[in-house]
Amino acid sequence: MTIKVIIVDDQAMVRAGFAALLAAQSDIDIVGEAPDGRQGVEVSRRTHPDVVLMDVRMPEMDGLEAARRLLDPPRGVIHRPKVLMLTTFDVDDYVYEALRAGASGFLLKDAPPADLISAVRVVAAGEALLAPSVTRRLIADFARQRPAPRRQDALALRRGGLTPRETEVLELIARGLSNQEIAETLVLAEQTVKTHIGRVLAKLELRDRAQAVIFAYESGLVSPGGQ
(Lines give C-alpha, C1' and ligand atoms only; values in the text may rest on other atoms or scores of the structure.)
Protein backbone atom coordinates (compact mmCIF):
# COMPACT_ATOMS: atom_id res chain seq x y z
CA MET A 1 0.00 0.00 0.00
CA THR A 2 1.31 3.46 -0.92
CA ILE A 3 1.95 5.89 1.95
CA LYS A 4 0.49 9.32 1.20
CA VAL A 5 2.60 12.18 2.59
CA ILE A 6 2.40 15.96 2.74
CA ILE A 7 5.32 18.21 3.66
CA VAL A 8 4.75 21.37 5.70
CA ASP A 9 7.81 23.62 5.96
CA ASP A 10 8.36 27.31 5.33
CA GLN A 11 11.59 26.69 3.39
CA ALA A 12 10.88 25.87 -0.24
CA MET A 13 14.20 24.12 -0.73
CA VAL A 14 13.57 21.85 2.25
CA ARG A 15 10.16 20.92 0.89
CA ALA A 16 11.59 20.26 -2.55
CA GLY A 17 14.46 18.17 -1.20
CA PHE A 18 12.26 16.03 1.03
CA ALA A 19 9.67 15.64 -1.73
CA ALA A 20 12.26 14.48 -4.27
CA LEU A 21 13.76 12.00 -1.83
CA LEU A 22 10.47 10.50 -0.70
CA ALA A 23 8.80 10.48 -4.13
CA ALA A 24 11.66 8.32 -5.41
CA GLN A 25 10.45 5.52 -3.10
CA SER A 26 8.00 3.12 -4.70
CA ASP A 27 5.82 2.95 -1.58
CA ILE A 28 5.60 6.71 -0.87
CA ASP A 29 3.49 9.29 -2.71
CA ILE A 30 3.76 13.04 -2.07
CA VAL A 31 0.20 14.37 -2.25
CA GLY A 32 0.74 17.96 -1.14
CA GLU A 33 2.99 20.67 0.30
CA ALA A 34 2.44 23.81 2.37
CA PRO A 35 4.63 26.73 3.55
CA ASP A 36 2.97 27.21 6.95
CA GLY A 37 0.85 25.44 9.50
CA ARG A 38 -2.43 27.01 8.50
CA GLN A 39 -2.11 25.94 4.90
CA GLY A 40 -0.77 22.60 6.07
CA VAL A 41 -4.02 21.91 7.92
CA GLU A 42 -6.01 22.89 4.83
CA VAL A 43 -3.96 20.66 2.53
CA SER A 44 -4.24 17.76 4.97
CA ARG A 45 -8.02 18.09 5.20
CA ARG A 46 -8.21 18.10 1.41
CA THR A 47 -5.76 15.30 0.56
CA HIS A 48 -6.12 12.96 3.58
CA PRO A 49 -2.45 11.98 3.89
CA ASP A 50 -1.24 9.07 6.00
CA VAL A 51 1.73 11.08 7.30
CA VAL A 52 2.32 14.82 7.70
CA LEU A 53 5.95 15.97 7.90
CA MET A 54 5.58 19.11 10.03
CA ASP A 55 8.22 21.73 10.71
CA VAL A 56 8.05 23.16 14.22
CA ARG A 57 8.65 26.86 13.54
CA MET A 58 6.73 28.50 10.71
CA PRO A 59 4.92 31.79 10.03
CA GLU A 60 1.13 32.19 10.18
CA MET A 61 0.73 29.08 12.34
CA ASP A 62 3.55 27.05 13.87
CA GLY A 63 3.80 23.29 13.66
CA LEU A 64 2.64 22.79 17.22
CA GLU A 65 -0.72 24.48 16.68
CA ALA A 66 -1.13 22.81 13.31
CA ALA A 67 -0.48 19.40 14.88
CA ARG A 68 -3.09 20.11 17.54
CA ARG A 69 -5.68 20.97 14.89
CA LEU A 70 -4.93 17.88 12.84
CA LEU A 71 -4.90 15.48 15.78
CA ASP A 72 -7.88 16.96 17.60
CA PRO A 73 -10.11 18.01 14.69
CA PRO A 74 -13.48 19.71 15.04
CA ARG A 75 -16.73 17.79 14.98
CA GLY A 76 -17.44 16.28 11.60
CA VAL A 77 -13.77 15.88 10.61
CA ILE A 78 -12.88 12.20 10.79
CA HIS A 79 -9.43 12.07 9.20
CA ARG A 80 -6.48 12.12 11.62
CA PRO A 81 -3.08 11.72 9.95
CA LYS A 82 0.11 10.65 11.68
CA VAL A 83 2.24 13.72 12.40
CA LEU A 84 6.02 13.55 12.32
CA MET A 85 7.64 16.73 13.62
CA LEU A 86 10.75 18.10 11.91
CA THR A 87 12.98 19.89 14.36
CA THR A 88 16.39 20.86 15.65
CA PHE A 89 17.61 20.38 19.20
CA ASP A 90 17.00 24.00 20.12
CA VAL A 91 13.22 23.56 19.99
CA ASP A 92 12.82 20.40 22.08
CA ASP A 93 10.25 22.13 24.29
CA TYR A 94 7.99 22.55 21.28
CA VAL A 95 8.47 18.90 20.43
CA TYR A 96 7.44 17.84 23.93
CA GLU A 97 4.20 19.77 23.53
CA ALA A 98 3.69 18.21 20.11
CA LEU A 99 4.02 14.74 21.61
CA ARG A 100 1.47 15.67 24.24
CA ALA A 101 -0.84 16.76 21.44
CA GLY A 102 -0.51 13.33 19.85
CA ALA A 103 2.35 13.62 17.35
CA SER A 104 3.93 10.26 16.57
CA GLY A 105 7.49 11.46 17.03
CA PHE A 106 10.12 13.79 15.67
CA LEU A 107 13.10 13.79 13.39
CA LEU A 108 16.07 16.13 13.15
CA LYS A 109 16.00 18.11 9.91
CA ASP A 110 19.63 17.25 9.20
CA ALA A 111 19.09 13.51 9.66
CA PRO A 112 20.48 11.22 6.93
CA PRO A 113 18.11 10.61 3.99
CA ALA A 114 17.70 6.94 4.96
CA ASP A 115 16.45 8.02 8.39
CA LEU A 116 13.76 10.23 6.86
CA ILE A 117 12.52 7.43 4.61
CA SER A 118 12.51 4.97 7.49
CA ALA A 119 10.76 7.46 9.76
CA VAL A 120 7.88 7.91 7.33
CA ARG A 121 7.41 4.17 7.07
CA VAL A 122 7.63 3.64 10.82
CA VAL A 123 5.08 6.34 11.61
CA ALA A 124 2.75 5.23 8.82
CA ALA A 125 2.78 1.73 10.33
CA GLY A 126 1.44 3.16 13.57
CA GLU A 127 4.65 3.10 15.58
CA ALA A 128 6.19 5.98 17.51
CA LEU A 129 9.46 7.41 16.28
CA LEU A 130 11.23 8.12 19.53
CA ALA A 131 14.83 7.01 19.30
CA PRO A 132 16.36 6.33 22.74
CA SER A 133 19.27 8.73 22.17
CA VAL A 134 16.90 11.55 21.21
CA THR A 135 14.59 10.66 24.09
CA ARG A 136 17.48 11.19 26.50
CA ARG A 137 18.15 14.63 25.04
CA LEU A 138 14.47 15.52 25.26
CA ILE A 139 14.40 14.39 28.90
CA ALA A 140 17.48 16.47 29.71
CA ASP A 141 15.90 19.61 28.24
CA PHE A 142 12.62 18.81 29.97
CA ALA A 143 14.47 18.58 33.29
CA ARG A 144 16.13 21.96 32.80
CA GLN A 145 13.03 23.81 31.67
CA ARG A 146 10.22 22.34 33.74
CA PRO A 147 9.56 21.83 37.45
CA ALA A 148 9.19 18.26 38.66
CA PRO A 149 5.57 17.06 38.53
CA ARG A 150 3.67 16.34 41.68
CA ARG A 151 3.89 12.75 42.87
CA GLN A 152 0.75 11.23 41.46
CA ASP A 153 2.17 7.96 40.19
CA ALA A 154 0.63 5.65 42.81
CA LEU A 155 -2.92 6.70 41.93
CA ALA A 156 -2.30 6.81 38.18
CA LEU A 157 -0.58 3.42 38.05
CA ARG A 158 -3.09 1.77 40.37
CA ARG A 159 -5.83 3.02 38.11
CA GLY A 160 -4.03 1.53 35.12
CA GLY A 161 -3.56 -1.79 36.91
CA LEU A 162 0.13 -2.10 36.05
CA THR A 163 2.08 -4.90 37.69
CA PRO A 164 5.38 -4.04 39.43
CA ARG A 165 7.30 -5.40 36.42
CA GLU A 166 5.23 -3.37 33.97
CA THR A 167 5.84 -0.29 36.09
CA GLU A 168 9.60 -0.94 35.93
CA VAL A 169 9.41 -1.26 32.15
CA LEU A 170 7.46 2.00 31.86
CA GLU A 171 10.03 3.82 33.98
CA LEU A 172 12.90 2.56 31.83
CA ILE A 173 11.08 3.58 28.64
CA ALA A 174 10.73 7.07 30.08
CA ARG A 175 14.43 7.17 30.89
CA GLY A 176 15.23 6.60 27.23
CA LEU A 177 16.29 2.96 27.24
CA SER A 178 15.80 0.85 24.12
CA ASN A 179 14.06 -2.53 24.28
CA GLN A 180 17.44 -4.26 24.26
CA GLU A 181 18.73 -2.08 27.11
CA ILE A 182 15.57 -2.73 29.13
CA ALA A 183 16.01 -6.46 28.57
CA GLU A 184 19.61 -6.30 29.78
CA THR A 185 18.70 -4.17 32.81
CA LEU A 186 15.85 -6.42 33.94
CA VAL A 187 17.51 -9.66 32.75
CA LEU A 188 14.65 -10.51 30.41
CA ALA A 189 14.32 -11.68 26.84
CA GLU A 190 13.75 -8.80 24.42
CA GLN A 191 10.50 -10.39 23.25
CA THR A 192 9.31 -10.43 26.87
CA VAL A 193 10.05 -6.71 27.09
CA LYS A 194 7.98 -6.10 23.96
CA THR A 195 5.12 -8.03 25.53
CA HIS A 196 5.31 -5.93 28.70
CA ILE A 197 5.34 -2.72 26.66
CA GLY A 198 2.26 -3.85 24.76
CA ARG A 199 0.45 -4.52 28.03
CA VAL A 200 1.49 -1.15 29.47
CA LEU A 201 0.12 0.68 26.42
CA ALA A 202 -3.11 -1.33 26.49
CA LYS A 203 -3.75 -0.88 30.22
CA LEU A 204 -3.03 2.84 30.21
CA GLU A 205 -4.83 3.33 26.89
CA LEU A 206 -1.77 4.91 25.32
CA ARG A 207 -1.20 4.95 21.58
CA ASP A 208 2.56 4.41 21.48
CA ARG A 209 5.94 4.73 23.17
CA ALA A 210 5.91 8.51 22.86
CA GLN A 211 2.72 8.78 24.89
CA ALA A 212 4.19 6.36 27.44
CA VAL A 213 7.10 8.73 28.04
CA ILE A 214 4.75 11.66 28.49
CA PHE A 215 2.53 9.66 30.86
CA ALA A 216 5.49 8.59 33.00
CA TYR A 217 6.60 12.19 33.52
CA GLU A 218 3.19 13.76 33.96
CA SER A 219 2.05 11.07 36.39
CA GLY A 220 5.20 11.62 38.45
CA LEU A 221 6.54 8.08 38.02
CA VAL A 222 9.76 9.64 36.71
CA SER A 223 10.98 13.02 37.88
CA PRO A 224 13.10 15.20 35.58
CA GLY A 225 16.72 14.75 36.61
CA GLY A 226 15.80 11.96 39.01
CA GLN A 227 17.57 8.62 39.19
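Reckoned from all heavy atoms, side chains included, excluding hydrogens, waters and symmetry mates.
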Does a side-chain heavy-atom distance below 4.5 Å link [X] with [Y]?
| X | Y | result |
| --- | --- | --- |
| Leu84 | Ser104 | no |
| Ile3 | Val5 | yes |
| Glu190 | Ile182 | no |
| Val193 | Gln180 | no |
| Leu162 | Leu170 | yes |
| Glu33 | Val43 | no |
| Glu168 | Leu186 | yes |
| Pro35 | Met58 | no |

Could you check whether any side-chain N or O of [X] sits under 3.5 Å from a backbone N or O of [Y], counting only pairs where one atom can act as donor and the other as acceptor?
| X | Y | result |
| --- | --- | --- |
| His79 | Pro49 | yes |
| Thr185 | Glu181 | yes |
| Glu205 | Leu201 | no |
| Asp50 | Lys4 | yes |
| Ser118 | Ala114 | no |
| Glu166 | Thr163 | yes |

Going from [atom1] on [X] to [atom2] on [Y], what distance comes out if it is rounded to the nearest 0.5 angstrom?
| X | Y | atom1 | atom2 | answer |
| --- | --- | --- | --- | --- |
| Phe18 | Ile117 | CZ | CD1 | 11.0 Å |
| Thr195 | Leu188 | OG1 | CG | 10.0 Å |
| Leu172 | Leu177 | CG | CG | 5.5 Å |
| Arg80 | Leu71 | CZ | CG | 8.0 Å |
| Leu70 | Lys82 | CG | NZ | 13.0 Å |
| Asp55 | Thr87 | CG | OG1 | 7.5 Å |

Could you walk me through whether Met54 and Ile7 pass the side-chain contact (heavy atoms from CB on, under 4.5 Å) test, one step at a time?
CA-CA 6 Å; Met54 181 80 74; Ile7 302 168; over 6 Å; no
Could you walk me through whether Ile28 and Thr2 pass the side-chain contact (heavy atoms from CB on, under 4.5 Å) check?
CA-CA 5 Å; Ile28 299 176; Thr2 301; 5.8 Å; no
Are any of the side-chain nitrogens in [X] or [Y] under 4.0 Å away from the carboxylate oxygens of its partner?
| X | Y | answer |
| --- | --- | --- |
| Arg69 | Glu65 | yes |
| Arg57 | Asp10 | no |
| Arg175 | Glu171 | yes |

Mind listing the closest non-hydrogen atom pair of [X] and [Y] along with its distance?
| X | Y | answer |
| --- | --- | --- |
| Leu206 | Ala212 | CD1-CA, 3.6 Å |
| Val31 | Thr47 | O-CG2, 3.6 Å |
| Arg38 | Glu60 | NH2-O, 3.7 Å |
| Val8 | Asp36 | CG1-O, 3.4 Å |

Would you check, one step at a time, whether the test side-chain contact (heavy atoms from CB on, under 4.5 Å) holds for Arg165 with Arg199?
CA-CA 11 Å; Arg165 178 63 84 190; Arg199 289 173 178 166; over 6 Å; no
Any chance you could lay out the side-chain contact (heavy atoms from CB on, under 4.5 Å) test for Leu53 and Ile6, step after step, and finish with the verdict?
CA-CA 6 Å; Leu53 292 179; Ile6 69 170; over 6 Å; no
